[in-house]
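Here is the structure we will look at.
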Amino acid sequence: MSKKINLIATAAFGIESVVKDEIKNLGYEITEVENGKIRFTGPLEAIPRSNLWLRCADRVLLEIGRFKAITFDELFEKTKALPWENWIPEDGEFPAAKITSVKSTLYSKSDGQRIVKKAVVERLRSKYHEDWFPENRGKYPIHIQILKDEVTLSIDTSGSGLNKRGYREHGNEAPLKETISAALVYLSRWKPERFFLDPLCGSGTIVIEAAMIGKNIAPGLKREFVSESWDFIPKELWDQARQEAQEAINDKEFLILGSDVDPDALKQSRINAELAGVTDYVAFQKLPVQSVETKKKYGVIITNPPYGERIGEEKEIQRLYRDMGKVFGSLDQWSYFIITGYDRFEKYFGEPSTKNRKLYNGDIKTHFYQYYGPLPPRKQKPIAEVENLIDTNELG
């Protein structure tokens, strides 16, 4: 199977352009970008490489076909006409795992799943000359997306979402997804030569994602994918992709800081950092955001403060945002980036953002407020040692 295959990287609304750049950096051709989806083509090895390397995508889907359908008979016949036998073996498991239907005549999700499953079974029966399929070797989850009566059928190559890096066994109450955290780091223009702080770090996701970007650690290096067991992808392609990822880790030295007032969250941060393999490049400390100060310049703050969703919290959140505005504004020539679901953030922070991007963290609508300071001088000498924002004896 030397020809190019059609793939779809799904993504949270608002970060499609970031995922598009990631795919282009892998060397694959973008064919279409729409809300929540980036279509691209590549050789078969694009499946392992995309799954290992895409930091900001939710999943990588193998597109089987696209067509218009306004009746369930059309859905059945056009699904049956697709070459499912090229991908699913006679003993493969192929559940109709997920369906979405938006602004479409075929709105019944349960009926859509049932009909697609039946059509695939009929197709495989005619090709394998079997009446019964054991479905006991390898999993090929079918995804059904219907938008304005256009049906896209695909097979999920990832399995669990790509945000599942394998390091966050411990998380706080409402964590920011790893994929979103990585996108925030990309959007900030941060480089390992610059200071980095998350002063409301919670369980450390933003800090850890930044460290993995700084070291060029492939986000999928420590996990498995459902397509690793597929017959039509030679094991050698997965081995080569993992070896490539291992060799790509760089030898840069830096220290990224995270702070919080919650000792339990900081304990979780340290455990997560160890599981991610970035312990040597991050440090966490107990420190209220109101106490942050430094004489360093050209640093970057990225943080995900509380949104104040509980009753009675709004005044407290407003006070926190005022304090953040005073502290961040005092950091000479720093850039700071705040993601929050509180729509009056700028009012209490006290400064309008340079840019404002709407993002979705799961089902939660948020805004990413971007305050760009100057970039460091180009010929700045490498930082030999990163000093802490406070007494280094307080580092955990």
Side-chain angles (χ1 to χ4, degrees), residues 12-15 18 172-177 180-190 194-207 209-210 256-262 265 284-362 364-376 389-390:
F13 291 107
I15 63 169
V18 181
N172 57 7
E173 209 168 283
L176 194 65
K177 287 178 70 174
I180 299 293
S181 298
L184 304 187
V185 177
Y186 280 139
L187 291 169
S188 76
R189 307 181 301 182
W190 175 76
R194 300 177 70 182
F195 301 101
F196 185 108
L197 169 69
D198 179 356
L200 297 150
C201 69
S203 57
T205 305
I206 293 175
V207 170
E209 289 296 320
I256 295 175
L257 305 177
S259 59
D260 205 286
V261 294
D262 183 350
F284 298 99
Q285 58 190 334
K286 184 178 180 182
L287 181 72
V289 67
Q290 293 85 350
S291 299
V292 170
E293 59 178 325
T294 180
K295 294 181 180 179
K296 299 298 181 183
K297 296 183 178 182
Y298 308 113
V300 172
I301 286 175
I302 306 178
T303 196
N304 174 36
Y307 302 167
E309 295 176 315
R310 295 193 184 94
I311 296 175
E313 282 187 339
E314 189 164 4
K315 294 292 184 184
E316 184 180 338
I317 294 302
Q318 291 170 0
R319 186 165 52 249
L320 171 64
Y321 292 167
R322 285 193 186 99
D323 291 343
M324 288 169 57
K326 293 175 184 176
V327 170
F328 294 3
S330 68
L331 300 176
D332 188 28
Q333 298 181 352
W334 278 56
S335 299
Y336 29 95
F337 305 86
I338 302 98
I339 183 171
T340 174
Y342 191 72
D343 57 9
R344 290 184 289 164
F345 169 80
E346 289 172 302
K347 173 182 176 181
Y348 295 99
F349 189 72
E351 183 183 355
S353 57
T354 310
K355 289 184 179 181
N356 179 0
R357 180 185 289 243
K358 183 165 67 175
L359 302 175
Y360 279 84
N361 179 35
I364 302 173
K365 184 177 79 170
T366 67
H367 287 87
F368 185 44
Y369 297 97
Q370 303 161 69
Y371 297 82
Y372 286 100
L375 294 172
L389 296 179
I390 60 170

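Values below: all heavy atoms of this structure, side chains included; hydrogens, waters and symmetry mates excluded. Quick caveat: nothing in here was measured; it's all calculated off a predicted structure.
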- Item | Nearest-0.5 Å distance that lies between atom NZ in Lys347 and atom CZ in Arg322 | 8.0 Å
- Message: Determine whether Glu293 and Ser330 satisfy the following criterion, side-chain hydrogen bond (donor to acceptor under 3.5 Å, both in side chains), listing intermediate values before the conclusion.
- Response: CA-CA 8 Å; Glu293 59 178 325; Ser330 68; over 6 Å; no
- Message: In the structure I gave you, are the side-chain heavy atoms of Glu314 and Arg344 within less than 4.5 Å of one another anywhere?
- Response: yes
- Note on the structure: The reported gap from CZ in Arg319 to NZ in Lys315 (rounded to nearest 0.5 angstrom) is 9.5 Å
- Task: Check ring pair (Phe, Tyr, Trp, His ring centres under 6.0 Å) between Phe13 and all other residues, then give those that pass, not counting sequence neighbours.
- Result: none
- Closest non-hydrogen contact found for Ile317 with Pro306 is CD1-CB, 3.6 Å
- Message: For Val289, give me all partners under side chain to side chain contact (heavy atoms under 4.5 Å, CB included), at least two apart in sequence or on another chain.
- Response: Pro199, Leu200, Leu320, Met324, Phe328
- Query: Does a side-chain heavy-atom distance below 4.5 Å link Ile206 with Thr303?
  - Reply: no
- From CA spacing to verdict: side chain to side chain contact (heavy atoms under 4.5 Å, CB included), Tyr307, Ile364: CA-CA 11 Å; Tyr307 302 167; Ile364 302 173; 4.0 Å; yes
- Note on the structure: Hits for side chain to side chain contact (heavy atoms under 4.5 Å, CB included) against Lys355, two or more places apart or cross-chain, chain-then-number order -> Gln370, Tyr372
- Item | Verdict with reasoning, Phe196 to Ile302, per side chain to side chain contact (heavy atoms under 4.5 Å, CB included) | CA-CA 8 Å; Phe196 185 108; Ile302 306 178; 3.6 Å; yes
- Query: Which heavy atom in Glu209 sits nearest to a heavy atom in Ala182, and how many Å separate them?
  - Reply: OE1-CB, 3.6 Å
- Item | ring pair (Phe, Tyr, Trp, His ring centres under 6.0 Å) partner of Phe349, chosen from Tyr321, Tyr371, Tyr342 | Tyr371
- Message: Between Asp262 (side chain only) and Gly202 (backbone N and O only), is there a donor and an acceptor less than 3.5 Å apart?
- Response: no
- Atom pair OG1 (Thr366) and NZ (Lys358), whose distance is rounded to the nearest 0.5 Å: 10.0 Å
- Note on the structure: The reported gap from CD1 in Ile338 to CD1 in Ile301 (rounded to nearest 0.5 angstrom) is 7.5 Å
- Query: Between Pro288 and Val261, what is the shortest heavy-atom contact and its length?
  - Reply: CA-CG1, 3.4 Å
- side chain to side chain contact (heavy atoms under 4.5 Å, CB included) with Phe337: of Phe368, Tyr369, Trp190, only one passes, and it is Phe368
- Query: Judged by atom type as modelled, is there a donor-acceptor pair below 3.5 Å linking the side chain of Glu351 to the main-chain atoms of Gly325?
  - Reply: no
- Item | Full working for side chain to side chain contact (heavy atoms under 4.5 Å, CB included) between Thr294 and Phe195 | CA-CA 11 Å; Thr294 180; Phe195 301 101; over 6 Å; no
- Message: What verdict does the side chain to side chain contact (heavy atoms under 4.5 Å, CB included) test give for Ile180 and Asn304, after you've listed the backbone C-alpha separation in whole Å, the side-chain angles of each residue and the deciding distance to 0.1 Å?
- Response: CA-CA 11 Å; Ile180 299 293; Asn304 174 36; over 6 Å; no
- Note on the structure: Heavy atoms of Gly299 and Arg194 approach each other most closely as O-NH2, 3.8 Å
- Distance col, row Ser335:OG vs Leu375:CG, nearest 0.5 angstrom, shows 7.0 Å
- Task: Please name the pair of heavy atoms, one in Arg189 and one in Gly373, separated by the smallest distance, quoted to 0.1 Å.
- Result: NH2-O, 3.4 Å
- Task: Would you name the heavy atoms of Cys201 and Asp198 that are closest together and state the gap between them?
- Result: CA-OD2, 3.3 Å
- Rounded to the nearest 0.5 Å, what separation is found between the CD1 atom of Ile339 and the CG atom of Leu176? 5.0 Å
